[in-house]
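Read the structure below first, then the notes.
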Amino acid sequence: METNKELESIVQPLLAWFDANARVLPWRDSPTPYRVWVSEIMLQQTRVEAVKPFFQRFTEALPDVAALAACEEEKLLKLWEGLGYYNRVRNMQKAAQTVMEEYGGELPADYEKLLKLKGIGSYTAGAIASIAFQIPVPAVDGNVLRVISRITASEKDILKASVKKEVEDEIREIIPPERAGAFNQALMELGAVVCVPNGPAKCDACPLYGQCLARERGIVSSLPKKSAAKPRRVQERTVLIIRDGERVAIHKRPPKGLLAGLYELPNVEGHLGQEEVLKLLKKKHFSPIRIQPLEEAKHIFSHVEWHMTGYVITVEEPERETEYLFVEPRETEENYPVPAAFSAYTKYLQIKLGQEKYKEENKEL
DNA sequence: AAGACGGGGGG
DNA sequence: CCCCCAGTCTT
C-alpha cells in the first residue's frame with residue numbers, strides 16, 4: 001500500500017514526458033485493434049526496430065482479421081520468416097479464426113475475452129485493451145518490470161511469475177482511467193529509450209529522476225535482479241546442399257518443436273566426413289557425382305546452439321521418391337520459408353556448376 | 001516452476 | 001562472448 005502511494009506520483013510526469021517524446025511508430029499511425037494486435041504479437045521478445053519492416057509488409061498483405069484468418073499457412077510463415085518464434089503467427093491465425101467465429105471479425109473490447117485468445121497472455125491482453133480500447137488494465141512487459149524495479153529499488157527476481165503479478169497489481173491501482181493506453185506505452189517507452197536494459201541508464205534525461213529510489217541509492221545498474229539463465233546445449237550438425245543440375249533439395253520440418261513447419265536444408269546429427277556423407281546419401285538411394293566441403297558455421301538460439309559444417313553434393317536426378325522436395329533455388333527464396341539458421345549455407349543454392357573456384361576444390365567421383 | 005521457442009543488436 | 005528484448009504455451 002505504501003508503494004502505491006509513492007508510485008502514484010509517477011503518473012503525471014510520465015504522461016507529460018510521453019506526450020512530448022513519444023516515438024513515431026508505424027502502428028501508432030492508426031491504432032485500430034487489429035493493427036495494435038499485430039504489432040503487439042510481433043513485439044513479443046522483439047525490438048521495435050526489428051519489427052518495423054515486418055509490420056508494414058504484414059499489414060499490407062493481410063489488412064484485417066478476415067484476411068489473416070483465411071491466409072494459407074505457407075504464405076503466413078513466409079511473411080513471418082526472419083522474425084522468429086513462429087508459433088506466434090500460427091497462434092495469431094487461430095485467434096483470428098476464433099474472432100471471426102465468435103466475435104463477428106472484431107476483436108472484443110474485453111480484457112478477459114482477449115486473454116482467452118490463442119497467443120494473447122496477460123501482457124498482450126493488457127496492451128490491446130488499454131491501447132486500442134482505453135480500458136484501464138496494466139500491460140507489464142520487460143520494460144515495465146525494469147522501470148518499476150528501479151523506481152522502487154526492488155531486489156526481487158523479475159523472472160518470477162509472482163513478481164510480475166505483484167507489479168501488475170501495483171500498476172492497476174495507479175493507472176489513469178482516461179489515459180490508460182498512453183500510460184502503459186509511456187512506461188514501456190521510458191524503459192526502451194531512457195531506463196535502458198543495455199548500458200548505462202540515461203537518468204539525466206529521466207522524468208522520474210527525483211522519484212527513483214535506485215537512482216537515489218546509486219544502484220540503478222544492479223537492477224533489475226534476474227536469476228541466472230541455464231547454459232545452452234551445443235548440437236553438432238552437418239548441412240547438405242544436394243543438387244541435381246538445376247534443382248536443390250529442401251525438407252519441411254515437423255509440425256512441432258524447433259522451427260516447426262519451416263523448410264530446411266537437409267541436415268543430420270554430428271560432423272560427418274566426406275565419405276560418411278557419401279555413404280549416407282547412397283543409403284538414401286542417391287547417386288553422388290561430386291562433393292565439395294563448405295565452411296563451418298554457427299547459429300545460436302536462445303536455448304541451443306548449432307555448430308554446423310556442410311557439403312555441396314551433386315547427384316544424378318533421383319529416380320524414386322525421396323524424403324526431400326527438389327525445387328529451383330529461385331523458387332525457394334520466393335515461396336518457401338527457410339529460417340535464418342541456414343543463412344550461412346543458402347548462398348550455395350545459387351552457385352553455378354562449373355564456376356572456376358568451385359570447380360578447383362571439387363572432388364570428382 | 002521450469003523449459004521450449006528465433007533472431008538480431010549492442011556492449 | 002554476453003545480455004536482452006512491447007512473452008506465451010506446455011509440461
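Values below: every heavy atom of this structure, side chains too, minus hydrogens, waters and symmetry copies. First the proteins, then the strands, lettered A, B, ... as listed; each starts at 1. As the structure is a computational prediction, the values presented were derived from the model and not from experiment.
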How would you label the contact of K160(A) with the nucleic acid (heavy atoms, under 4.0 Å): base, sugar-phosphate, or nothing? nothing

Counting primed atoms plus P, OP1 and OP2 as sugar-phosphate and everything else as base, spell out the protein contacts along nucleotides 3-8 of chain B at 4.0 Å heavy-atom distance: B, S or - for each nucleotide, 5' to 3'. SSBBBB

Taking only the P atom of each, what is the distance from dA6(C) to dA4(B) in whole angstrom? 24 Å

In residues 26-39 of chain A, what residues come within less than 4.0 Å of DNA chain B, judged by heavy atoms? none

Is a side-chain donor-acceptor pair under 3.5 Å present for R88(A) with Q45(A)? no

Within the side chain of T46(A), is there an N or O that forms a donor-acceptor pair under 3.5 Å with the backbone of Q44(A)? yes

List, one per line, each side-chain donor-acceptor pair under 3.5 Å for residues 109-123 of chain A, sequence neighbours excluded.
| residue | atom | partner | partner atom | Å |
| --- | --- | --- | --- | --- |
| D110(A) | OD1 | E112(A) | N | 2.9 |
| D110(A) | OD1 | K113(A) | N | 3.1 |
| S122(A) | OG | K164(A) | NZ | 3.4 |
| S122(A) | OG | E168(A) | OE2 | 3.0 |
| Y123(A) | OH | E40(A) | OE1 | 2.5 |

In the 5' to 3' direction, the nucleotides of DNA chain C bounding the stretch that comes under 4.0 Å of a heavy atom in chain A are dC1(C) to dT10(C)

Is Y85(A) linked to M92(A) within one hydrophobic cluster, defined over Ile, Leu, Val, Met, Phe, Trp and Tyr using a side-chain heavy-atom separation of less than 4.5 Å? no

How are the rings of F301(A) and W306(A) set relative to one another: parallel (under 30°), tilted (30 to 60°) or perpendicular (over 60°)? perpendicular

Checking R232(A) now: which residues fulfil side-chain contact (heavy atoms from CB on, under 4.5 Å) with it, not counting sequence neighbours? I300(A), E305(A)

Between L115(A) and L43(A), which residue's closest nucleotide on DNA chain C lies nearer the 5′ terminus? L43(A)

Contacting residues from residues 131-138 of chain A, given that a heavy atom lies under 4.0 angstrom of DNA chain C: none

Please identify each residue that fulfils side-chain contact (heavy atoms from CB on, under 4.5 Å) with K252(A), with sequence neighbours left out. E74(A), Y263(A)

Determine the contact category for L25(A): base if any of its heavy atoms lies under 4.0 Å from a base atom, sugar-phosphate if only primed atoms, P, OP1 or OP2 are that close, otherwise nothing. base

For E319(A), does the CD atom have more than 12 heavy-atom neighbours from other residues, nucleotides or ligands under 6.0 Å away? no

P atoms of dG6(B) and dT10(C), separation to the nearest Å: 14 Å

Are V220(A) and L14(A) connected, step by step, through hydrophobic side chains (Ile, Leu, Val, Met, Phe, Trp, Tyr) whose heavy atoms are closer than 4.5 Å? no

Do R57(A) and E60(A) pass the salt bridge (Lys or Arg N to Asp or Glu O under 4.0 Å) test, and can you show the C-alpha distance, the side-chain angles, and the key distance before you say yes or no? CA-CA 5 Å; R57(A) 197 165 53 114; E60(A) 275 170 29; over 6 Å; no

With a cutoff of under 4.5 Å between side-chain heavy atoms, which Ile, Leu, Val, Met, Phe, Trp and Tyr residues group with L223(A)? I219(A)

Which helical stems does DNA chain B take part in, if a stem means at least 3 consecutive Watson-Crick or G-U pairs with both distances below 3.5 Å? B:1-5 with C:7-11, B:7-11 with C:1-5

Distance-only donor-acceptor check, side chains E236(A) and H307(A), under 3.5 Å: no

Euclidean distance, R330(A) CZ relative to L349(A) CG, rounded to 0.5 Å: 11.0 Å

List for me each residue that meets side-chain contact (heavy atoms from CB on, under 4.5 Å) alongside E331(A), sequence neighbours excluded, and say none if there are none. V327(A), E328(A), N335(A), Y336(A)

Throw together a table of side-chain donor-acceptor distances under 3.5 angstrom for residues 204-213 of chain A, partners on residues two or more places apart or in other chains.
| residue | atom | partner | partner atom | Å |
| --- | --- | --- | --- | --- |
| Q211(A) | OE1 | S9(A) | OG | 3.1 |

Could you list the residues that satisfy side-chain contact (heavy atoms from CB on, under 4.5 Å) with E321(A), not counting sequence neighbours? none

Give V51(A) one of three labels, base, sugar-phosphate or nothing, depending on what nucleic acid heavy atoms sit under 4.0 Å from its own. nothing

